[in-house]
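Worksheet: one structure, shown below.
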Amino acid sequence: MVSKEEELPNDLIQKITEKNQTHLLEALKRLKSSEEKKNFVSQLKSIDFDLMSNLFEQGKNAKLETIYNPTSISKIESQYPKESILSEKEKLSQIGVEYIAQGKVATLILSGGLGTRLGFNHPKGEYNIKLPSNKSLFNYFANRFLGCQLMCRQKLKDKKIEFKDCPLFIMTSTQNDADVREFFKKNKNFGIKDENIFFFPQGEICALDDEGKILLETPSKIFKAPDGNGGCLLALKKHGIIDVCLKRGVEFINITAIDNPLYKLMDPLFIGITVSKGKNGKDQMGAKYIKKTDPEQKVGYFLIYKDKPMMLDYMEFPEKLKYAKLDNGDLVYNAANILDYLISVNFLKKALCEEENIKKLLNSFHHVKKKMNCFVFNKEKNNLEEKTNFEFNKYEMFLNSIFEFSNKDGLLLLEIEEMDEFAPVKNDETKDKCTAATARLQMSNLCKKWVKENGGQILNDSPKKYLEISFLVSYDGSDLFNNKDVPKSIDFKDIKEGEGIYIKNKNLE
């Protein structure tokens, strides 16, 4: 006798048949244990078969080179080179300081992946880049998150202002959610109060073969993959994150990925310029960029497309516009994406809380080809066959899908110094770029720069003698020597190559 949990509703059977996915019903029949059947039925109930059918049809004939018409592309105007705001830097930063101190800014870290490319089969945020402190990526983010708030409160200590904590949102995935939560619990949230940290998993989407059939990871498990960094938009709504922000008075969410330990989260200057210079006020979006000097550099472009701001992947950017230059020799399209966004909660609410807009988001998935090991139903042999390195169709949503709901003036761009804020850890150390080794060097160089800018000195230095200053000592190098833990003279005489000096906040670490 079949239990209710093992039964498929008639309307779902009809939908599966209608969408030509009857191999899933065959797979269900072959399962022997009651538990396997119950789990498989639960998986089938979670699938949006209409969406998968639509995505397959969209992706079947799509060609990237015909999607973005060069004549519809223009340079984004709300672009602020770092030199252009020097005279207003203090005033703009003060605005951001007040926003942070009042709890009006949240941070969202996209951390759904594993460190597979780093040879690390655990959540990427747990990866240790091997500076003297032996901190994980999560630890650096948590330290800077708290360090920023400590700095802002210190700057406003003589003002009558009600301080409020900022929330930290961490988007995980089904595959790493339990591990990430346990890692934070084991490390006591790195000092962040329980009520200020929120974990939620991103969505997953089925993989399809070239006939549009949903693939199986095992005979009892449907293959699903994370739905891309843009999936955070759907997850924000699904898991009530927008409601949390509204309830707490959060006005902006700063969004980034876990792989950049130099990420300057909740940067007061970035907040101040977005609020003050943005033409849409509190409905504004901001993004940081690095200035692109090499047209072949493999980073995305910010631009205007059909009167809306857009970020195009380098593979999607029209070849004929790559080399276009201004009179001063700069590339016309020189605003390169580093995945550092500041998005208004009001804007997100409008974009994500209307059914029509959700439909538009669901139509913005990108189609890519990937390979994996899986099980495929062979109709002629009437059985499941295991396939190795099988090419399949994967669907991902990009974060730039949010621009669909903006207007031409909806995005402000702030140029940053790449060496100070952008050290992504994407590759293992056999590669030359974007590795833990390059990140170590950049972080050490930044800390040495802080010491020198504050009037200190570095003695017996060399590139691979690392200096690490905790973000709980200084968020951004300002007022460095106000902390008694920081010596004005740092001597590497007795430090070996590959080792270093770590300066921590002895009260907080």
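It should be emphasised that the depicted structure is a prediction, and the values quoted were computed from it without experimental measurement.
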(message) Do I73 and L312 have side chains that approach each other closer than 4.5 Å (heavy atoms only, starting at C-beta)?
(response) yes
(message) Once ring-ring contact (aromatic ring centres under 6.0 Å, His included) is applied, do any residues pair with F471, and if so which ones, sequence neighbours excluded?
(response) none
(message) Minimum heavy-atom separation for F398 and H366, please, with both atom names.
(response) CE1-ND1, 3.4 Å
(message) Tell me the closest heavy-atom pair linking L262 and A423, and the distance in Å.
(response) CD1-CB, 3.8 Å
(message) Pairing donors with acceptors under 3.5 angstrom, does anything connect the side chains of T71 and N69?
(response) yes
(message) So, using salt bridge (charged side-chain N to carboxylate O under 4.0 Å, His left out) as the criterion, who are the partners of E396 when residues are at least two apart?
(response) K394
(request) For K82, check salt bridge (charged side-chain N to carboxylate O under 4.0 Å, His left out) against everything at least two apart and list the hits. (result) E415, E417
(request) Examine the side chains of K369 and N393 and answer whether a donor and an acceptor come within less than 3.5 Å of each other. (result) yes
(request) To the nearest 0.5 angstrom, please state how far the CD1 atom of I271 sits from the CG atom of L414. (result) 11.5 Å
(request) Test F190 against F184 for ring-ring contact (aromatic ring centres under 6.0 Å, His included), laying out the working first. (result) CA-CA 7 Å; F190 305 102; F184 271 81; 5.2 Å; yes
(request) Applying side-chain hydrogen bond (donor to acceptor under 3.5 Å, both in side chains), name anything that partners S46, two or more places apart in sequence or on another chain. (result) K224
(request) Dump the intermediate steps for salt bridge (Lys or Arg N to Asp or Glu O under 4.0 Å) on D165 and R153, then the final yes or no. (result) CA-CA 10 Å; D165 293 337; R153 292 182 180 193; 2.7 Å; yes
(message) Let me confirm one number: the CD1-CG distance from I129 to L441, rounded to the nearest 0.5 Å.
(response) 11.0 Å
All N/O donor-acceptor pairs, side-chain side in residues 331-340, below 3.5 Å, sequence neighbours left out:
| from | atom 1 | to | atom 2 | distance (Å) |
| --- | --- | --- | --- | --- |
| N334 | OD1 | Q79 | NE2 | 2.8 |
| N337 | OD1 | L339 | N | 2.9 |
| D340 | OD1 | N254 | ND2 | 3.0 |

(request) State, yes or no, whether a side-chain contact exists between F138 and E126 at a heavy-atom distance under 4.5 Å. (result) yes
(request) For the residue pair I16 and Q21, establish whether any side-chain heavy-atom pair is separated by less than 4.5 Å. (result) yes
(request) Enter the distance from T107:OG1 to I100:CD1 here, rounded to the nearest 0.5 Å. (result) 8.5 Å
(message) If the condition is ring-ring contact (aromatic ring centres under 6.0 Å, His included), which residues does Y80 pass it with, not counting sequence neighbours?
(response) none
(request) Taking all non-hydrogen atoms of both residues into account, name the closest pair between C166 and R248 and its distance. (result) C-NH2, 4.2 Å
(request) For residues S93 and K89, determine if any side-chain heavy atom of one lies less than 4.5 Å from a side-chain heavy atom of the other. (result) yes
(request) Output the distance between atom CG (L348) and atom CD1 (I253), rounded to the nearest 0.5 Å. (result) 5.5 Å
(request) State whether the side chain of S136 and the backbone N or O of N128 hold a donor-acceptor pair below 3.5 Å, judged by distance alone. (result) no
(request) May I ask you to check whether Y305 and F403 place their ring centers less than 6.0 Å from one another? (result) no
(message) The criterion is salt bridge (charged side-chain N to carboxylate O under 4.0 Å, His left out); which residues satisfy it with E296, sequence neighbours excluded?
(response) K322
(message) Any non-hydrogen side-chain atom of I402 less than 4.5 Å from a side-chain atom of F347?
(response) yes
(request) Identify the two heavy atoms, one from I343 and one from M285, that lie closest to each other, and give their separation to 0.1 Å. (result) CG2-CG, 3.9 Å
(request) Would you name the heavy atoms of E88 and K277 that are closest together and state the gap between them? (result) OE1-NZ, 2.9 Å
(message) Main chain of F270, side chain of T274: is a donor-acceptor contact present, judged purely on distance under 3.5 Å?
(response) yes
(message) Is there a side-chain contact between L44 and I222 in this structure, where contact means two heavy atoms from C-beta onward sitting under 4.5 Å apart?
(response) yes
(message) Checking Q442 now: which residues fulfil side-chain hydrogen bond (donor to acceptor under 3.5 Å, both in side chains) with it, not counting sequence neighbours?
(response) none
(request) Give a yes or no on this: more than 12 heavy atoms of other residues, nucleotides or ligands lie within 6.0 Å of atom NZ of K431. (result) yes
(message) Within this structure, what is the OG-CG distance for the pair S364 and L55, rounded to the nearest 0.5 Å?
(response) 9.5 Å
(request) Determine which pairs satisfy side-chain hydrogen bond (donor to acceptor under 3.5 Å, both in side chains) with at least one residue from residues 350-362, sequence neighbours left out, and list them in order. (result) D283-K350
(message) Can you confirm whether more than 12 heavy atoms, excluding those of N328, are under 6.0 Å from its CG atom?
(response) yes
(request) Would you confirm whether the ring centroid of F317 sits within less than 6.0 angstrom of the ring centroid of Y301? (result) yes
(message) How long is the straight-line distance from SG of C245 back to NZ of K104, given to the nearest 0.5 Å?
(response) 14.0 Å
(request) Flag the pair Y341 / L108 as yes when at least one side-chain heavy-atom distance between them is below 4.5 Å, and no otherwise. (result) no
(request) Count the heavy atoms of every other residue, nucleotide or ligand shown that sit under 6.0 Å from CD of E90, and state whether that count exceeds 12. (result) no
(message) Tell me if the NZ atom of K308 is crowded by more than 12 foreign heavy atoms within 6.0 Å.
(response) yes
(message) If you count heavy atoms of other groups shown closer than 6.0 angstrom to CG of D294, is the number above 12?
(response) yes
(message) I'd like to know if D330 and K291 make a salt bridge, using a cut-off of under 4.0 Å between side-chain N and carboxylate O.
(response) yes
(message) Tell me whether E83 at atom CD has more than 12 heavy atoms from other residues, nucleotides or ligands lying less than 6.0 Å away.
(response) yes
(request) Determine whether K449 and D420 make a side-chain contact, defined as any pair of heavy atoms from C-beta on separated by less than 4.5 Å. (result) yes
(message) With a sphere of 6.0 Å drawn around CD of E404, does it hold more than 12 non-hydrogen atoms of other residues, nucleotides or ligands?
(response) yes
(request) Applying salt bridge (charged side-chain N to carboxylate O under 4.0 Å, His left out), name anything that partners D50, two or more places apart in sequence or on another chain. (result) K15, K19
(message) Is it the case that the side chain of Q102 and the backbone of E98 share a donor-acceptor pair, with hydrogens and angles ignored and the cut-off at 3.5 Å?
(response) yes
Can you give the donor-acceptor pairs under 3.5 Å from side chains of residues 229-239 to other protein atoms, not counting sequence neighbours?
| from | atom 1 | to | atom 2 | distance (Å) |
| --- | --- | --- | --- | --- |
| N229 | OD1 | L399 | N | 2.8 |
| H239 | NE2 | P201 | O | 3.1 |

(request) Identify, with sequence neighbours excluded, every residue that meets side chain to side chain contact (heavy atoms under 4.5 Å, CB included) alongside T256. (result) F141, Y263
(request) Would you check if the side chain of D209 reaches a backbone N or O of K213 as a donor-acceptor pair within less than 3.5 Å? (result) yes
(request) Could you tell me how the ring of F198 sits relative to the ring of F169: parallel (under 30°), tilted (30 to 60°) or perpendicular (over 60°)? (result) tilted
(message) Checking the side chain of E57 only, and the main-chain atoms of S53 only, is there a donor and an acceptor separated by less than 3.5 Å?
(response) no
(request) Examine distances only and state if a side-chain atom of N176 and a backbone atom of S173 form a donor-acceptor pair shorter than 3.5 Å. (result) yes
(request) Specify the closest pair of heavy atoms between V425 and A436, including all atoms of both residues, with the distance to one decimal. (result) CG1-N, 3.8 Å
(message) I'd like to know if the side chain of N427 reaches the main chain of D432, judged simply by a donor and an acceptor atom lying under 3.5 Å from each other, with no hydrogens or angles considered.
(response) no
